[in-house]
Amino acid sequence: MTTFEPGFLWGAATSSYQIEGAVAEDGRGPSIWDTFCAAPGKVDNGDTGAVAADHYHRYPEDVAIMRELGLGAYRFSVAWPRVQPLGTGKAEQRGLDFYRRLVDTLLDNDIQPWPTLYHWDLPQSLEDAGGWPERDTALRFAEYAQIVHEALADRVTHWTTLNEPWCSAFLGHATGRHAPGRQEPEAALRAAHHLLLGHGLAARAMPGAQVGVTLNLTHVTPVSSARQDRDAARRIDGLQNRIFLDPVLLAAYPQDVLDDLAHISDFGHVQDEDLKTIAAPIDFLGVNYYSPMLVGHGTASGPSAYVGSEHVEHADGGRSRTSIGWEIDPQGLSDLLVRLHRDYPAIPLYITENGAAFDDEKHDAGRISYLEGHVLACAEAVAAGVQLKGYFAWSLLDNFEWSFGYAQRFGLVHIDYETQRRTLKDSARWYAGVIRRSGL
Ligand code: FCB
């Protein structure tokens, strides 16, 4: 039997646009994802988050499910366009009231609320003014963070500023696979910097809070020990992991990454005090892990998410894959955690997302096996001395999986999108057992 220390936090995660629906209710303004979904061909099957899992209306039922599972914490995100429909100025009280009701219901059920302030739904009017590539968006984000913090600080202790700024910056502005759908490598780098700056400014704007940021990190290995392949792995590690980790935790961009990117940007958008702001002290780092990466030297074609690394090819590691096509490798998670502990030893870690898409509906043996392997990988990392404090499964509910629409199901709980009926999958019952025993 593998058990975790008492106090190890077991949770599940979701995000606003993926589950809430109710996009035009109670004064919510449009977000870049509403716009992106409305553009033909951007999202599979023309799906949108307009209704999603209707969580905005069904949250009491969803919290009852969380209680049934025994969750210690629930990670959700606050939709900026509900709180500030135009991304600036006076708060929309009805938006704040929704999150207050949700938080109160969680607390009544002994579930810790873990809000994330930005899980990709930027108010459209801020995009119209230039979006994350513009410095002003970072300032607006800090203002918004302050509003939400003031409204909920009496009942929320742990705050996450951003979810996966890599996706916002590079999928949003380099490949265009995510909203706002731009393909401008230089703008992607400015977006990355202003997301980081927004994180630091927001951390400062929430006095007394326990603050963290969630990054999507991965374990990168080269296809061979040849110099060019090792260099490809270094580049991808730089552009996926260190470009965010180093500014936040070491107050500097990695020099090799700046060198790799020199032909795209001179980083003239970085102002004097920015790195100091970005490295504002934080209390925890959220790690989202799904799959490892195997890379080698090659000639990629088409717009790459890894701007400046066009001579890198992603290789097949020969492992089995989930239905979304991501390779399954729990060892990659323990390797990643041990590496984070080695390179950034001071910061406590939480897995803020980990999970799998499978088509197997309610009898989801594949998901159970995925989760079991990764929970074991966490235990291995803890045994190796890593300060890992909790684990959040992605996701509580089936939901709108971004450009894949509703076809990919990540939930522990099945959603019938016709009736909005919730049904616990086998994995939900299995996870409830893990939580009860705090282990496997
Ligand atoms: C992560 C996102 C989350 C979800 C999972 C599958 O990149 O943070 O919203 O889409 O992937």
Side-chain angles (χ1 to χ4, degrees), residues 11-21 31-33 36-37 42-44 47-49 52-53 55 74-80 114-122 160-175 177-179 192 195 199 212-219 239-241 244 285-293 305-306 321-329 332-333 336 350-359 364 366-367 370-371 374 391-413 415 425 427:
T14 62
S15 88
S16 48
Y17 190 69
Q18 293 180 277
I19 63 163
E20 285 179 359
S31 81
I32 54 173
W33 272 94
F36 191 72
C37 291
K42 297 292 187 193
V43 175
D44 291 356
D47 288 342
T48 80
H55 172 79
Y74 171 52
R75 174 175 180 252
F76 59 97
S77 78
V78 176
W80 188 348
W114 270 59
T116 296
L117 288 165
Y118 185 72
H119 199 128
W120 308 351
D121 38 5
L122 185 73
T160 298
T161 54
L162 307 174
N163 177 71
E164 303 190 353
W166 182 87
C167 293
S168 305
F170 296 106
L171 299 182
H173 301 82
T175 64
R177 278 285 283 166
H178 278 190
L195 282 151
H199 154 76
V213 59
T214 278
L215 303 178
N216 52 318
L217 303 173
T218 189
H219 185 65
L239 283 166
Q240 176 82 47
N241 300 325
F244 295 103
L285 176 70
V287 177
N288 290 357
Y289 173 87
Y290 289 92
S291 196
M293 244 176 232
Y306 298 98
R321 292 173 184 265
T322 63
S323 68
I324 205 168
W326 300 349
E327 279 193 56
I328 304 173
D329 182 21
L333 175 57
L336 169 66
Y350 288 86
I351 302 297
T352 40
E353 286 182 27
N354 174 242
F358 282 108
D359 304 326
D364 54 342
R367 182 170 294 102
Y370 180 99
L371 293 172
H374 288 79
Y391 175 94
F392 290 76
W394 181 271
S395 177
L396 178 71
L397 309 173
D398 285 340
N399 60 51
F400 173 77
E401 181 46 40
W402 308 114
S403 58
F404 297 95
Y406 293 99
Q408 297 296 336
R409 291 177 177 269
F410 275 89
L412 300 169
V413 176
I415 304 283
K425 300 183 193 177
S427 59

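Order of listing sets the numbers, starting from 1, for every ligand and every atom in it. Computed from a predicted structure; not experimentally measured.
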K.L.:
Can you tell me which residue and heavy atom of the protein come closest to atom 3 (C) of ligand 1, and the distance to 0.1 Å?
P.N.:
E353 OE1, 3.3 Å
K.L.:
Number the atoms of ligand 1 from 1 as they appear, then name those within less than 4.0 Å of a heavy atom of W402, with their elements.
P.N.:
3 (C), 4 (C), 9 (O), 10 (O)
K.L.:
Does the ring centre of F76 sit less than 6.0 Å away from the ring centre of H55?
P.N.:
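Ring centres of F76 and H55 not closer than 6.0 Å.
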K.L.:
Going by the atom numbers of ligand 1, which of them fall below 4.0 Å from some non-hydrogen atom of E401?
P.N.:
4 (C), 6 (C), 10 (O)
K.L.:
Dump the intermediate steps for ring pair (Phe, Tyr, Trp, His ring centres under 6.0 Å) on W166 and Y306, then the final yes or no.
P.N.:
CA-CA 10 Å; W166 182 87; Y306 298 98; 5.5 Å; yes
K.L.:
Would you please classify the geometry between the F400 ring and the W33 ring as parallel, tilted or perpendicular, with 30° and 60° separating the classes?
P.N.:
perpendicular
K.L.:
Output the list of atoms in ligand 1 that are nearer than 4.0 Å to some heavy atom of H119, sorted by atom number.
P.N.:
2 (C), 3 (C), 8 (O), 9 (O)
K.L.:
Please could you name the atoms of ligand 1 that Q18 approaches to less than 4.0 Å, counting only its heavy atoms?
P.N.:
3 (C), 4 (C), 9 (O), 10 (O)
K.L.:
Below 4.0 angstrom from a heavy atom of N163, which ligand 1 atoms are there? Numbered from 1 as shown, please.
P.N.:
8 (O)
K.L.:
Kindly state whether the ring of W114 and the ring of Y350 have centres lying under 6.0 angstrom apart.
P.N.:
yes
K.L.:
Tell me which protein heavy atom sits closest to atom 7 (O) of ligand 1, plus the residue, atom name and distance to 0.1 Å.
P.N.:
E164 OE1, 2.5 Å
K.L.:
Check N216 against ligand 1 and report side chain, backbone, both or neither, counting heavy atoms closer than 4.0 Å.
P.N.:
neither
K.L.:
What verdict does the side chain to side chain contact (heavy atoms under 4.5 Å, CB included) test give for W402 and S15, after you've listed the backbone C-alpha separation in whole Å, the side-chain angles of each residue and the deciding distance to 0.1 Å?
P.N.:
CA-CA 11 Å; W402 308 114; S15 88; 3.8 Å; yes
K.L.:
Have N354 and Y370 got a donor and an acceptor in their side chains that come within less than 3.5 Å?
P.N.:
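Yes - a donor-acceptor pair under 3.5 Å links their side chains.
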K.L.:
Which ligand 1 atoms, with their elements, are less than 4.0 angstrom from a heavy-atom of F410?
P.N.:
6 (C)
K.L.:
For the residue pair W80 and Y118, categorise the inter-ring angle as parallel (less than 30°), tilted (30 to 60°) or perpendicular (more than 60°).
P.N.:
perpendicular
K.L.:
Going by the closest heavy atom to atom 11 (O) of ligand 1, which one wins out of W394, F404, Y290?
P.N.:
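Minimum heavy-atom distance to atom 11 (O) of ligand 1 goes to Y290.
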